[in-house]
Structure formats: C-alpha cells, structure tokens
Amino acid sequence: MAYADPARRLRVHKFEDDALIGSHQEWRGFVGRDVAVLWEKQTAPDVWEGLTDTYQRVRASSSADLYNQIGIARVSGLGADGLEAEILP
C-alpha cells in the first residue's frame, strides 16, 4: 500500500512490525505443547495447514489426507506466519 505522507508510512510499518512481534511472542508459548488442529488445506505436497481452537495457524507434514479432520499436533517451532508442528499418532 502506498502512502503519500512519509510519517504515516512509518507509523503503518511500525504498527505492522509491532503486530508481527506480538504474534511471535504469543506463539512462543505454544512451542512444545500438544494442540488440537482442524486441518483445512494442503498447501504443498505433504504439507497441511490448519487452525487450533484459539485460531493459531499451524503447518505440518503428512502424506495422509487430513482435510476437515481434527488431530493432535506437537508444536515444534515458529514459522513466518504461524506455528510449525509434528502430527502425533
């Protein structure tokens, strides 16, 4: 998005950066936890994306068809736009 006012552009970028940092701080609390995930879509071969019950975005690898299923995943780390996890049996 383009802004004519340079001061406004800086405020918007700072707001976006603060929001991203806040999300990452919140996500850190999930690392190592087991969470229920509703798997919504396959984003690449063997890569599934879904949401926890608190609407945290989760990504994990699986060759199974997980579409519209709820499963348990262990959060292993932070990704650029959500949590990285391993699907538990």
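Linking Ile, Leu, Val, Met, Phe, Trp and Tyr whenever their side-chain heavy atoms come within less than 4.5 Å puts V58 and V31 in one cluster. Linking Ile, Leu, Val, Met, Phe, Trp and Tyr residues whenever their side-chain heavy atoms come within less than 4.5 Å places V37 and I87 in a single cluster.
Residues satisfying the side-chain hydrogen bond (donor to acceptor under 3.5 Å, both in side chains) criterion with D34, sequence neighbours excluded, are R74. Taking E84 as the reference, R59, S76 meet the side-chain contact (heavy atoms from CB on, under 4.5 Å) condition, with sequence neighbours excluded. Legend: residues meeting side-chain contact (heavy atoms from CB on, under 4.5 Å) with T54, ordered by chain and number and at least two apart, are F30, T52, Q56. Partners of E40 under the side-chain hydrogen bond (donor to acceptor under 3.5 Å, both in side chains) rule, at least two apart in sequence or in another chain, are R57. With sequence neighbours excluded, the residues satisfying side-chain contact (heavy atoms from CB on, under 4.5 Å) with D65 are W48, Y67.
When side chains are defined from C-beta on, L83 counts as touching L78, because their heavy atoms get closer than 4.5 Å.
Within a 6.0 Å radius of CD in Q69, more than 12 heavy atoms belonging to other residues, nucleotides or ligands are found.
In the hydrophobic clustering, I70 connects to L38, either directly or through intervening members, whenever side-chain heavy atoms lie under 4.5 Å apart.
Shown here for A85 and A60, the closest heavy-atom pair between the two residues is O-CB, 3.3 Å.
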